[in-house]
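What follows is a single structure, written as structure tokens, with notes after it.
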Number of protein chains: 2
Amino acid sequence: MKLSEGVEWGLHCTSVLASLPTKATLPTKALAEYHGVSETYLSKHLQALTRGGIIESVPGPRGGYRLARPATEITLLDVVEAIDGPEPAFRCTEIRQQGPCAIESSAYHLPCTIHVAMARAEKLWRNELRAQTIADIVAQLDDRVPQRVQHLAEKWLSEHVRTASEKA
Amino acid sequence: MKLSEGVEWGLHCTSVLASLPTKATLPTKALAEYHGVSETYLSKHLQALTRGGIIESVPGPRGGYRLARPATEITLLDVVEAIDGPEPAFRCTEIRQQGPCAIESSAYHLPCTIHVAMARAEKLWRNELRAQTIADIVAQLDDRVPQRVQHLAEKWLSEHVRTASEKA
DNA sequence: GGAGTGATACTCGGATATCTGGTGTCCGAGTTTTCGCGG
DNA sequence: CCGCGAAAACTCGGACACCAGATATCCGAGTATCACTCC
């Protein structure tokens, strides 16, 4: 079981966007440079976040991405599912209904025991990710990120962010 | 995030082996036919379970596989990790330490917030899988599998199982 | 008839192809800005 | 000087290659069985 690398990128990018002023945008190029990752590939994942309704795009020059709704209403699960897909990790193919001992499908009233157990574990995982929002992540950054980095980031972002009122 | 199909096969096969008499074995061919899956490919996963110490193999004619330890001491997580590998699904690549705002690595005393959150969710998933054993799964089968299938399975397995005392 | 021995058949184990999905890149559609022109 | 319009620049969005890992298969190593021979 392996989670796409894009999930990490998406979570970090969403967190960065959440720390910007309301309505302010940041283009793919800036987000990619900030995280030191491929711009074109990051673009792919940002598109997935857009399709998932996590962020929204502003086209044209001085455009970019911004959150589609308040960071308090974006859970980690939202981001993970937008990029990785909502399908469960364990998919029961009902192999218990195959082979020489199988009978008509309608006779299997109760779901597969193994399927139930795996689904229960996965539900816990999802619930935990759903319980934490991007706003929670951002709130923790103040205490956990070195002061020096915070200052550097603040300065760098202020030079690349694009607000609605700003006129070049 | 996608769990290998072999995980499902491995869980079912381990459960079947757990329902056999002590020391009795079942060859790959029988396990594959019982579940209606590819024999050669199932073999690959059974090898993984062997390497993981879940089951053990008996070579030669009248050989096969059996549990390496009591079913009460085999958790679902053991089987999942034996086949899917023990690596965590989310791997933090520390992209926070890249880009124009990064400083020397030694300055990042506290772990990445996102990494912590993802790891916590994954820990819950693992704990849940660790809390349930193959013996628990087998115990539930009596109530959840149609009587008719239980009889068919009992008969079919008795014709393919190989006990230590049996002499052809 | 019983024991020993060689051939045999069956099993697991690892090495080898194939294929799907993640990884990575590029070019076109659309919009805002900007520059130039005319009034 | 101000308004209008066309061109341009920059953005996102989707379509197109590439590669690693899962999927699927085959053949060789090893062992218990079995048959045959000899005592």
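Residue numbering restarts at 1 for every chain, and letters A, B, ... go by the order of the sequence lines.
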- Hydrophobic cluster (4.5 angstrom, side-chain heavy atoms) - remaining members for A/Val116: none
- Quick check: are there more than 12 heavy atoms from other residues, nucleotides or ligands sitting under 6.0 Å from CD of B/Glu39? yes
How close or far is atom [atom2] of [N] from atom [atom1] of [X], stated in whole angstroms?
X: A/Glu8; N: C/dG22; atom1: CD; atom2: P; answer: 17 Å
X: A/Leu49; N: D/dG14; atom1: CG; atom2: P; answer: 13 Å
X: B/Lys29; N: C/dC10; atom1: NZ; atom2: P; answer: 10 Å
X: A/Leu42; N: C/dG22; atom1: CG; atom2: P; answer: 17 Å
X: B/Ile55; N: C/dT11; atom1: CD1; atom2: P; answer: 15 Å
X: B/Leu26; N: C/dC12; atom1: CG; atom2: P; answer: 9 Å
X: A/Trp9; N: C/dG22; atom1: CH2; atom2: C1'; answer: 12 Å
X: A/Glu39; N: D/dC10; atom1: CD; atom2: P; answer: 12 Å

- Pairs flagged by side-chain hydrogen bond (donor to acceptor under 3.5 Å, both in side chains) wherever residues 104-121 of chain A is involved - sequence neighbours left out: A/Gln97-A/Ser105, A/Glu104-B/Arg148, A/Arg120-B/Glu128, A/Arg120-B/Gln132
Side-chain heavy atoms of [X] within contact of [Y], under 4.5 Å:
X: A/His35; Y: A/Val16; value: yes
X: B/Met118; Y: B/Ile114; value: yes
X: A/Leu141; Y: A/Ser19; value: no

- Item | Residues within residues 10-20 of chain A bordering DNA chain D, heavy-atom distance below 4.0 Å | none
- Task: Identify, with sequence neighbours excluded, every residue that meets side-chain hydrogen bond (donor to acceptor under 3.5 Å, both in side chains) alongside B/Arg66.
- Result: B/Glu56
Whether [X] contacts [N] is assessed here as follows: a side-chain N or O lying under 4.0 Å from the phosphate OP1 or OP2. Is that the case?
X: B/Gln47; N: C/dG14; value: yes
X: B/Ser38; N: D/dT25; value: yes
X: B/Arg51; N: C/dG14; value: yes
X: A/Thr28; N: D/dC12; value: yes

- Note on the structure: Given protein heavy atoms under 4.0 Å, the one-letter contact record of nucleotides 27-32 of chain D, with B base, S sugar-phosphate only and - none, is simply ---BBB
- Item | Modelled atom types, side-chain donor and acceptor of B/Ser43 and B/Gln47, under 3.5 Å | yes
- Message: For a quick check under 3.5 Å, do B/Thr93 and A/Glu8 share a side-chain donor-acceptor pair by atom type?
- Response: yes
- Check the angle between the aromatic planes of B/Trp156 and B/Tyr34 and answer parallel, tilted or perpendicular using the 30° and 60° thresholds. tilted
- Applying the 4.5 Å side-chain criterion to the ILVMFWY set and letting contacts propagate, would B/Leu76 and A/Leu124 be lumped into a single cluster? no
- Task: Measure across A/Val145 and A/Gln150 and return the closest heavy-atom pair with its distance rounded to 0.1 Å.
- Result: O-NE2, 2.9 Å
Could I get a table of every N or O pair under 3.5 Å where one atom is in the protein and the other is in nucleotides 21-23 of chain D?
from   : atom 1 : to      : atom 2 : distance (Å)
D/dT23 : OP1    : B/Glu5  : N      : 3.3
D/dT23 : OP2    : B/Ser4  : OG     : 2.8
D/dT23 : OP2    : B/Tyr41 : OH     : 3.0
D/dT23 : O5'    : B/Tyr41 : OH     : 3.1

